[in-house]
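Values below: all heavy atoms of this structure, side chains included; hydrogens, waters and symmetry mates excluded. A quick note: this is a predicted structure, and the numbers were derived from the prediction, not measured.
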Amino acid sequence: MKLTKQHIENLYKFTRQHYVVHYDLQTELVDHLANDIETIWQTKPNLSFEQARDISFKKFGVFGFMDVVEARQKAMSKRYMKLLWSFAKVWFTLPKLLQTLVLFLTALFLFNLSYGKIIAISLFSGLFITMFIKGIKFSKYIKKKEKPGEKLWLLEDLIFRNATATGMLLLSMLANSYNTLRIFWNYENSQFIVAINFTLISLYVYISVVVMPKNTKKLLKSTYPEFNM
């Protein structure tokens, strides 16, 4: 016996009911279940689809699909970090290296002014608040994509969810940043170190909340052959 289109749709619903929300992971599990069900039918043709499906599902163990999901999440997290680093490296090679240096030198100049500490606090606050606002927007996007009928890819989730988490983390650090700058400001070369940190954080914010979300479709196409299907 062969599975019908209705059977495949049922398997997609089945994986979602068992807390697999990412379409690429659903597809992988549906393919595995479908092949296994057809194998089971070869030896037990009298079983119903639901009976064969449940037998196949039990082979995943007590935790069901969770072990598979966790393994794929770890693998995709590594891929995400590699992609993030690939975008970041561009800013330390010509010609974008010049823009990075301009950003650093501008920050260093401003921080060395008599009211440089106020400028530093204002600029860091702007970065943190920007990340927070973007995080709220991205969080709404992910919640929308998690609804039935939508397709949420694991890499897509990581791109937007990591940006959201970073925004929340940076905003929570805002008060501590004020105190750190106030205490640290009068040390020798403190403005130089703060300018470096501001440059690096600015690049990270730009890459994670602008560049990667903007290139999401391109990244999904290169990661998932079935994305355009």
Side-chain angles (χ1 to χ4, degrees), residues 1-87 135 137-166 168 208-209 211-229:
M1 295 177 64
K2 293 290 183 180
L3 292 178
T4 65
K5 182 179 179 181
Q6 288 71 28
H7 288 149
I8 297 300
E9 290 176 354
N10 178 281
L11 290 178
Y12 271 103
K13 291 180 181 178
F14 183 79
T15 57
R16 194 174 186 92
Q17 289 169 354
H18 287 81
Y19 312 107
V20 182
V21 298
H22 301 107
Y23 182 73
D24 48 314
L25 296 184
Q26 290 175 358
T27 300
E28 179 181 342
L29 290 168
V30 165
D31 183 62
H32 176 86
L33 289 169
N35 290 330
D36 194 42
I37 289 171
E38 290 181 353
T39 300
I40 291 171
W41 272 341
Q42 289 177 6
T43 56
K44 299 179 180 179
N46 294 326
L47 291 177
S48 67
F49 164 74
E50 288 76 12
Q51 289 173 325
R53 181 198 63 194
D54 291 343
I55 290 173
S56 180
F57 177 61
K58 287 180 181 179
K59 294 178 182 179
F60 284 89
V62 177
F63 298 104
F65 299 132
M66 290 303 100
D67 289 340
V68 175
V69 171
E70 184 178 348
R72 295 298 180 273
Q73 286 176 337
K74 288 181 179 178
M76 192 57 70
S77 293
K78 292 181 180 178
R79 180 173 178 80
Y80 169 83
M81 293 307 298
K82 288 181 179 179
L83 290 170
L84 185 69
W85 176 238
S86 69
F87 282 114
K137 179 182 177 181
F138 293 157
S139 180
K140 290 180 179 179
Y141 173 81
I142 291 299
K143 287 181 179 179
K144 179 182 177 182
K145 295 281 286 185
E146 286 179 339
K147 293 181 179 179
E150 296 285 342
K151 293 181 180 179
L152 175 64
W153 305 79
L154 179 54
L155 178 59
E156 179 184 27
D157 191 7
L158 285 172
I159 290 172
F160 289 98
R161 200 177 294 278
N162 283 349
T164 301
T166 302
M168 301 299 180
S208 61
V209 307
V211 176
M212 292 195 71
K214 184 179 179 180
N215 286 276
T216 297
K217 285 188 177 181
K218 180 180 178 181
L219 295 173
L220 294 180
K221 286 179 181 179
S222 64
T223 303
Y224 305 108
E226 68 272 25
F227 179 73
N228 289 320
M229 295 176 60

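A distance of 5.0 Å separates CG of Leu219 from CD1 of Ile159, quoted to the nearest 0.5 Å. Here the OG1 atom belonging to Thr216 is positioned 11.0 Å from the CG atom belonging to Leu158, to the nearest 0.5 angstrom. Of the inter-residue distances, the one linking Leu11 atom CG with Gln6 atom CD reads 12.0 Å to the nearest 0.5 angstrom.
Remark: the backbone N or O of Leu220 is not paired with any side-chain donor or acceptor of Thr223 at under 3.5 angstrom. Within the 3.5 Å criterion, the main-chain N or O of Asn35 finds a donor-acceptor partner in the side chain of Thr39.
Using a 4.5 Å heavy-atom threshold, the side chains of Leu25 and Phe65 count as separate. Taking the side chain as every heavy atom from C-beta outward, Val68 and Val20 never approach each other to under 4.5 Å. Between Tyr141 and Leu152, every side-chain heavy-atom pair lies at or beyond the 4.5 Å cut-off. At least one side-chain heavy atom of Leu3 sits under 4.5 Å from a side-chain heavy atom of Phe49. Between Ile142 and Phe138 the shortest side-chain heavy-atom distance does not fall below 4.5 Å. By the 4.5 Å heavy-atom criterion applied to side chains, Thr15 and Leu33 are counted as neighbours. Side chains of Leu155 and Asp24 form no contact here, defined as non-hydrogen atoms less than 4.5 Å apart. Within the 4.5 Å cutoff, the side chain of Thr4 has heavy atoms near those of the His7 side chain.
A search for side chain to side chain donor-acceptor pair (under 3.5 Å) contacts involving Gln51 returns Ser48, not counting sequence neighbours. For Ser208, the side-chain contact (heavy atoms from CB on, under 4.5 Å) partners are Met131, Tyr204, not counting sequence neighbours. Applying the side chain to side chain donor-acceptor pair (under 3.5 Å) test to Arg161 and every residue at least two apart in sequence or in another chain returns Glu146, Asp157. Considering only residues two or more places apart in sequence or on other chains, Tyr80 meets the side chain to side chain donor-acceptor pair (under 3.5 Å) condition with none of them. Listed by chain and number, the residues in a ring-ring contact (aromatic ring centres under 6.0 Å, His included) with Tyr224 are Trp153 (sequence neighbours excluded). Residues satisfying the side-chain contact (heavy atoms from CB on, under 4.5 Å) criterion with Thr43, sequence neighbours excluded, are absent altogether. Looking at residues two or more places apart in sequence or on another chain, you find a side-chain contact (heavy atoms from CB on, under 4.5 Å) between Lys221 and Phe227, Asn228. Residues passing the side-chain contact (heavy atoms from CB on, under 4.5 Å) test with Val21, sequence neighbours excluded: none. For Gln26, there are no side chain to side chain donor-acceptor pair (under 3.5 Å) partners two or more places apart in sequence or in a different chain. Scored by the salt bridge (charged side-chain N to carboxylate O under 4.0 Å, His left out) test, Lys2 finds Glu38 as partners (sequence neighbours excluded).
Salt bridge present: Glu156 and Lys145 bring a charged side-chain N and a carboxylate O closer than 4.0 Å.
Among residues at least two apart or in separate chains, salt bridge (Lys or Arg N to Asp or Glu O under 4.0 Å) pairs with a member in residues 60-82 are Glu28-Arg72, Glu70-Lys74.
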Side-chain atoms of residues 52-60: list all donor-acceptor pairs with protein atoms under 3.5 Å, sequence neighbours left out, distances to 0.1 Å.
residue, atom, partner, partner atom, Å
Arg53, NH1, Asn10, OD1, 2.9
Ser56, OG, Asp36, OD2, 2.8
Lys59, NZ, Asp36, OD1, 3.1
Lys59, NZ, Asp36, OD2, 3.1

Residues Tyr19, Val69; criterion side-chain contact (heavy atoms from CB on, under 4.5 Å); working and verdict: CA-CA 9 Å; Tyr19 312 107; Val69 171; over 6 Å; no
Would you sort out whether Val211 and Lys214 count as a side-chain contact (heavy atoms from CB on, under 4.5 Å), showing the intermediate values? CA-CA 5 Å; Val211 176; Lys214 184 179 179 180; 5.8 Å; no
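Within 6.0 Å of CE in Met66 there are more than 12 heavy atoms belonging to other residues, nucleotides or ligands.
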